[in-house]
Amino acid sequence: MDNCIFCKIVSGAIPCTKIFENDHVLAFLDIAPLADGHTLVIPKAHFATMFDMPAELAGKLGETLPKLAQAICKATNTTACNIFQNNGRPAGQLVDHLHFHIVPRTPGDGIIRLGEQSPYPAGRMDKVAQAIISNL
């Protein structure tokens, strides 16, 4: 993709602070981090979202996440991190190239806070589950 910033990083047209690379995956520090060590992990091939990525390549990318998360936590002197990935603008995806965030966490840092959770109303959970199952 000619105008994709992450594709330009993969090609070397835009520099990055690389921390890991293999044939399929590139990991580099985020230039606007939520915390020191905030890392982006991307497939080298362009896929806009997880929905577009072949399962085989998703597995290769997924294999790198534990190793990277452990190294990032050790380097930032913590034992906790968030690993997340957004699909589409409503989910918070800002760059249309599939990417995972690894964000080291410390107690009370206040970086990421999930919204309020509440239980399903009676009967709703089974309906949602059945709708998902019928789409598998």
Side-chain angles (χ1 to χ4, degrees):
M1 301 296 293
D2 293 338
N3 59 352
C4 173
I5 191 167
F6 288 173
C7 288
K8 290 178 182 179
I9 289 171
V10 169
S11 74
I14 295 177
C16 71
T17 303
K18 187 184 315 183
I19 63 167
F20 175 84
E21 182 175 19
N22 66 21
D23 291 341
H24 305 285
V25 177
L26 176 64
F28 53 93
L29 293 180
D30 193 310
I31 62 169
L34 292 169
D36 283 353
H38 180 169
T39 298
L40 300 176
V41 183
I42 68 170
K44 287 181 160 182
H46 182 87
F47 303 99
T49 68
M50 181 64 78
F51 308 129
D52 305 317
M53 185 179 206
E56 179 182 322
L57 186 52
K60 291 179 187 299
L61 192 151
E63 288 173 0
T64 67
L65 293 173
K67 176 182 177 179
L68 290 167
Q70 288 173 347
I72 291 163
C73 285
K74 189 172 182 179
T76 58
N77 199 30
T78 187
T79 58
C81 68
N82 288 107
I83 300 173
F84 62 93
Q85 190 271 322
N86 305 317
N87 286 291
R89 292 287 187 269
Q93 184 177 7
L94 300 178
V95 176
D96 292 328
H97 186 118
L98 173 69
H99 58 286
F100 284 81
H101 296 260
I102 302 176
V103 180
R105 299 297 303 272
T106 56
D109 62 21
I111 293 172
I112 298 171
R113 185 178 166 286
L114 297 176
E116 294 297 318
Q117 292 178 263
S118 60
Y120 281 101
R124 179 79 178 140
M125 182 182 273
D126 289 336
K127 288 180 183 176
V128 171
Q130 286 306 311
I132 294 168
I133 290 167
S134 70
N135 283 284
L136 287 176

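For this chain, numbers begin at 1 and follow the sequence in order.
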For this session: Please list, chain by chain and in numerical order, all residues satisfying side chain to side chain contact (heavy atoms under 4.5 Å, CB included) with Ala129, sequence neighbours excluded.
Result: none

Problem set entry | Test ring-ring contact (aromatic ring centres under 6.0 Å, His included) applied to Phe28 - qualifying residues, sequence neighbours left out | Phe6

Exercise. Which atoms form the tightest heavy-atom contact between Cys7 and His46, and what is the distance?
Worked result: SG-ND1, 3.3 Å

Exercise. Quick one: are His97 and Pro43 in side-chain contact, heavy atoms under 4.5 Å?
Worked result: yes

Exercise. Under a 4.5 Å cut-off applied to non-hydrogen side-chain atoms, are Thr78 and Cys73 in contact?
Worked result: yes

Exercise. So if you build clusters from Ile, Leu, Val, Met, Phe, Trp, Tyr with side-chain heavy-atom gaps below 4.5 Å, do Val95 and Phe84 land together?
Worked result: no

Exercise. Rounded to the nearest 0.5 Å, how far apart are OG1 of Thr106 and CD1 of Ile111?
Worked result: 6.5 Å

For this session: Linking directly or through intermediates, with side-chain heavy atoms under 4.5 Å: list the remaining ILVMFWY members grouped with Ile133, chain and number order.
Result: none

Seminar exercise, completed: When every non-hydrogen atom of Asp96 is compared with those of Arg89, the smallest separation belongs to OD1-NH1, 2.8 Å

Seminar exercise, completed: Using a 4.5 Å side-chain heavy-atom cut-off and chaining through intermediate ILVMFWY residues, the residues clustered with Phe100 come out as Ile19, Phe20, Val25, Leu29, Val41, Phe47, Met50, Met53, Leu57, Leu61, Leu65, Leu68, Ile72, Ile83, Leu98, Ile102

Seminar exercise, completed: Paired with Asp30, the side chain to side chain contact (heavy atoms under 4.5 Å, CB included) test is passed by just one of Thr39, Leu40, Val103, namely Leu40

For this session: Rounded to the nearest 0.5 Å, what's the gap from CD on Gln85 to NE2 on His99? Could you check?
Result: 7.5 Å

For this session: Would you list the pairs meeting side-chain hydrogen bond (donor to acceptor under 3.5 Å, both in side chains) in which at least one residue belongs to residues 13-23, sequence neighbours left out?
Result: Lys18-Glu21, Glu21-Lys44

Exercise. Would the number of heavy atoms belonging to other residues, nucleotides or ligands and lying under 6.0 Å from CG of Asp109 be above 12?
Worked result: yes

Exercise. Which residue pairs pass the side-chain hydrogen bond (donor to acceptor under 3.5 Å, both in side chains) test when at least one of the two sits in residues 121-132, sequence neighbours left out?
Worked result: none

For this session: Might you point out which heavy atoms bring Ala69 and Cys81 nearest each other, and give the distance in Å?
Result: CB-SG, 4.0 Å

